[in-house]
Number of protein chains: 2
Amino acid sequence: MSETKIQRLGDLQLKIMQVLWNRQEATVTEVHQNLEPGATLAYTTVATMLRKMEARGLVSHRSEGRSFVYFAIVAADTVTRGMADHLVDRLFEGSLTDAVSHLLSTREVSRDELAQLERLIANRKKSL
Amino acid sequence: MSETKIQRLGDLQLKIMQVLWNRQEATVTEVHQNLEPGATLAYTTVATMLRKMEARGLVSHRSEGRSFVYFAIVAADTVTRGMADHLVDRLFEGSLTDAVSHLLSTREVSRDELAQLERLIANRKKSL
DNA sequence: TAGGTATAACTACCAAAGTAATACTACCAA
DNA sequence: TTGGTAGTATTACTTTGGTAGTTATACCTA
């Protein structure tokens, strides 16, 4: 019931969430190192972000020795869905078909992907 | 070539763009009145926003008498695509099928919509 | 010609996201 | 027992989006 609808997450916050979703939990150092190793973010940036995210109710932590071990407290699905829905609502007035149509027409799509999509739809049809 | 990639627009900005895309051009008053008539935004809020959007290169204006007539200078498609792509990239690592799959599994979909989607895909297949 | 009204210009806030330096603290090792 | 190090805590600054009051201006009308 207490569905926290998250419709927007900044790029960094989302990336951090993704790290946490992948490994269940992680120290600041671990998150920092896992954030696309190419990027040069200061350690404190990540720490601050995690703090802010905790304040916002996205993550939480427990202490282990003198370190904090962070973990996500909102599910990947909840966030993904919230953001996707938000976009579909904003751009396509909630129309799923419009959204998919747009994606199909502006993106490269391989024969394989199309086949996969067909299967998806067939499946969905069955469960109706 | 000078494809301005717009991957993020706030809610208000997007709504304003949508008004402009719809009516080609509009004065501040017109935009203000067309922004979902229910909402009570101050006239100056809209004016300020348009100003900021002009600075950002999203819209422009010409003078007509003592009024400004604003018009979009980025196409709806460009924005829509930029935002959709951005989201697909962020949430689904660029995978179109993952994105569609997610949409299909978390949203209500009617038989009708599924049929429509099938048609879309069939069409796309032909043009491959 | 004086005053109201419409409009634009300017200024000012707030919140969220991002970024990071600096300061504090506690622990381990030499 | 002291100093480096790995952590957290604090503070701060920037940008962007959103919101709007206040001021200046110019035009139209009585």
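Chain letters run A, B, ... following the sequence lines, proteins first, then strands; residues in each count from 1. Just so you know, these numbers come straight off a predicted model, no measurement behind them. Side chains are part of it too, since the values below use all heavy atoms of this structure and drop only hydrogens, waters and symmetry mates.
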- Task: Start with the C-alpha distance between B:Asp89 and A:Arg107, add both sets of side-chain angles, then the distance that settles salt bridge (charged side-chain N to carboxylate O under 4.0 Å, His left out), and finish with yes or no.
- Result: CA-CA 12 Å; B:Asp89 287 348; A:Arg107 293 200 147 228; 3.5 Å; yes

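Atom CG of A:Leu9 is separated from atom C1' of C:dA16 by 12 Å (rounded to the nearest Å). B:Leu35 places its CG atom 12 Å from the P atom of D:dA20, with the value rounded to the nearest Å. To the nearest angstrom, C1' of D:dT25 lies 12 Å from CZ of B:Phe68. Rounded to a whole Å, the CG atom of B:Leu41 is 9 Å from the C1' atom of D:dG18. Protein atom CD of A:Gln7 is 11 Å distant from nucleotide atom P of C:dA17, rounded to whole Å. Across the protein-nucleic acid pair, A:Leu12 atom CG and C:dA20 atom C1' stand 12 Å apart, rounded to whole Å. The separation between A:Arg8 atom CZ and D:dG18 atom P is 7 Å, rounded to whole Å. When rounded to the nearest whole Å, the span between CG of A:Leu14 and C1' of C:dG18 equals 14 Å.
If you check the side chains of A:Gln13 and A:Arg56, you find a donor sitting under 3.5 Å from an acceptor.
Surrounding CZ of A:Arg111 are at most 12 heavy atoms belonging to other residues, nucleotides or ligands under 6.0 Å away.
Taking the side-chain contact (heavy atoms from CB on, under 4.5 Å) definition, one finds that B:Thr29 meets it with B:Thr27, B:Gln33, B:Tyr43, sequence neighbours left out. Partners of B:Asp77 under the salt bridge (Lys or Arg N to Asp or Glu O under 4.0 Å) rule, at least two apart in sequence or in another chain, do not exist in this structure. Considering only residues two or more places apart in sequence or on other chains, A:Thr80 meets the side-chain contact (heavy atoms from CB on, under 4.5 Å) condition with B:Leu91, B:Phe92, B:His102.
Side-chain nitrogen and oxygen atoms of B:Tyr43 include none within less than 4.0 Å of the OP1 or OP2 phosphate oxygen of D:dT19.
Within residues 48-56 of chain A, the residues having any heavy atom closer than 4.0 Å to DNA chain C are, in order of number, A:Thr48, A:Met49, A:Lys52, A:Arg56. For the segment residues 23-34 of chain B, the set of residues with a heavy atom within less than 4.0 Å of an atom of DNA chain C comprises B:Val28, B:Thr29, in numerical order.
If you chain together hydrophobic residues whose side chains sit under 4.5 Å apart, B:Val69 and B:Leu50 never meet in one group.
In this structure, A:Thr45 reaches the bases: a heavy-atom distance under 4.0 Å links it to at least one base atom across the strands shown. Across all strands, B:Ala47 comes closer than 4.0 Å to no nucleic acid atom at all (heavy-atom distances).
Partner assigned to C:dA30 is D:dT1, using Watson-Crick or G-U wobble distances below 3.5 angstrom.
Tested against B:Ile16 for a side chain to side chain contact (heavy atoms under 4.5 Å, CB included), the candidates B:Val59, B:Leu58, B:Val31, B:Asp11 yield a single pass: B:Val31.
A salt bridge between A:Asp85 and A:Arg90 is absent, with no side-chain N of the basic residue lying under 4.0 Å from a carboxylate O of the acidic one.
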- Summary of protein contacts for nucleotides 22-30 of chain C, nucleotide by nucleotide, where a base hit scores B, a sugar-phosphate-only hit scores S (4.0 Å, heavy atoms): B--------

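Interatomic distance, OG of A:Ser105 versus CZ of B:Arg81, reported as 8.5 Å (0.5 Å rounding).
Smallest separation of non-hydrogen atoms from A:Asn34 and A:Arg23: ND2-NE, 3.7 Å.
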